[in-house]
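One structure below.
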Amino acid sequence: MSVAEIAARVRAGQSSAVSELESSLAAIESRNSELNVFLHVDEEGAYRAARAVDAAVGAGRDPGPLAGVTVALKDNMCTRGVPTTCSSRILEGWRPPYSATVVERLLGAGAVPVGKTNLDEFAMGSSTETSAFGPTRNPLDPSRVPGGSSGGSAAAVAAGMTAVSLGSDTGGSIRQPAALCGLVGVKPTYGLVSRYGLVAFASSLDQIGPFARSVADAAGVLEVIAGHDPLDSTSLPEPAPELVSHLDDGVAGRTVGLVAELLEGADADVVGAVRRAAEVLARAGARIEEISIPELHLGLSAYYLIAPAEASSNLARYDGVRYGLRVPGENVSEMNERTRTEGFGDEVKRRIMLGTYALSAGYYDAYYGQALKVRTRMIEAFGRAYERCDVLLGATAPSVAFALGAKTLDPLAMYLSDVFTIPTNLAGEAAISVPFGTGEAGLPIGVQLLGPGRSEARLLAAAAVLEGSR
Ligand code: GLN
């Protein structure tokens, strides 16, 4: 059932938020031990939210556009009084004293947050295997990864545990797991969705967005969580855009750029799916232009300087004093060192070292400064592409879901999972992954549609054309 149908039935009293919640809890019960999707199920909070929705309906009040819709939250979004771990030992036992703006907005719209999902530690990874609490498995094939870092949120929706979920995307962590789990995933324009209460990884890149089983569901959730928030100084100063009312806009008269660099190195089944997607858009009235944006080759190296640099600064706050874990020592600096040594996993340590090095005196200009210049060049290159094209098209990920363990020993191979998604984050622009066809072993393939800042309505309409042709 779609999000709109669930909400309509709950609003009309034909279903109840409590019964929606109960089917969600039953689905979690049946597969969570196998798949390791939820780190924490907040039954108490979920029942409280669901009962409030049902009470509103009973009293003739409208609970909102997401009435009774169950939602899973990536465990890097703060939820008041509920453990928020970022899948790291270092946040063990920490319960935030406030909730993220997205959580408040979901509750305000009648949604029912069910719990917190597994992720790569501090959202650093592409497979959900760097979690301190073990990997999440792909519900479509449990021998494979769900993608990452928002793998738990993707798996929750793919396994039917919740109607929708939220993830965060710093370099691809919504779009890539969406592709690997056969879902729609949106990376909104930087600033469209408030980051207040999202635990920071790389603050100039992080954005929250939805996972959903359909384009319409994703649009419905994004409308609720988007819009200005005075608590986030980087929030765009405007209300949420209208998305649902534009879903049928189509692509007639649009120019779609099929980007060579967004296919390079992808498996043949993925390339084939993207080319078929271009044909579908052409049949729907779009003009397809094959284009090249060579600057995209620079994305991965710029990202792996900028993101770790910001992370090394953001993660300095985990000092054994302010949050979670504390491992005692003889003095403060020893306590600090032991806490961080035991609290952080290998990938997080690798990023902190990379970032600290890139920012250190003597190397700053050569690494971090240079990466910022590259970032500017990429923004300009996208700008030129969008003078000619309304939408860009490419692959989301180079392959379908890969086997657990396939890339854990080779960080560079893992980093390459995001080669097609990272450029959007560096530019601060919008992109969406939509399932389109299947590849190896019958697993889903995601194609990526990219647009300039604030182009979400246009991208969702184009994604709806692809969805409708399946
Ligand atoms: N896989 C990328 C990384 O490891 C992106 C992660 C993300 O978007 N959070 O940094």
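Every number for a ligand or one of its atoms is a count from 1 in the order of the listing.
With a heavy-atom cut-off of 4.0 Å, Ser149 touches ligand 1 through its side chain alone. Contact annotation: for Thr170 versus ligand 1, heavy atoms closer than 4.0 Å belong to both the backbone and the side chain. Under 4.0 angstrom from ligand 1, there are no non-hydrogen atoms of Tyr415. Only the side chain of Arg351 comes within 4.0 Å of ligand 1, counting heavy atoms alone; its backbone N, CA, C and O stay farther away. Proximity of Phe122 to ligand 1, defined as any heavy-atom pair under 4.0 Å, is not found for any part of the residue.
With hydrogens and angles ignored, the 3.5 Å screen pairs no side-chain donor or acceptor of Arg175 with any backbone N or O of Ser433.
In terms of protein heavy-atom proximity, atom 10 (O) of ligand 1 is nearest to Tyr303 OH, 2.6 Å. Atom 7 (C) of ligand 1 has as its closest protein heavy atom Ser173 OG, 2.4 Å. Counting only heavy atoms of the protein, atom 2 (C) of ligand 1 lies nearest to Asp418 OD2, 3.2 Å.
In this structure the side chain of Ser99 never reaches within 4.5 angstrom of the side chain of Cys78, judged on heavy atoms. The side-chain heavy atoms of Ile432 and Gln448, taken from C-beta on, include no pair separated by under 4.5 Å.
At least one test fails for Lys116 against the ring of Phe38: distance under 6.0 Å to the centre or angle within 45° of the axis.
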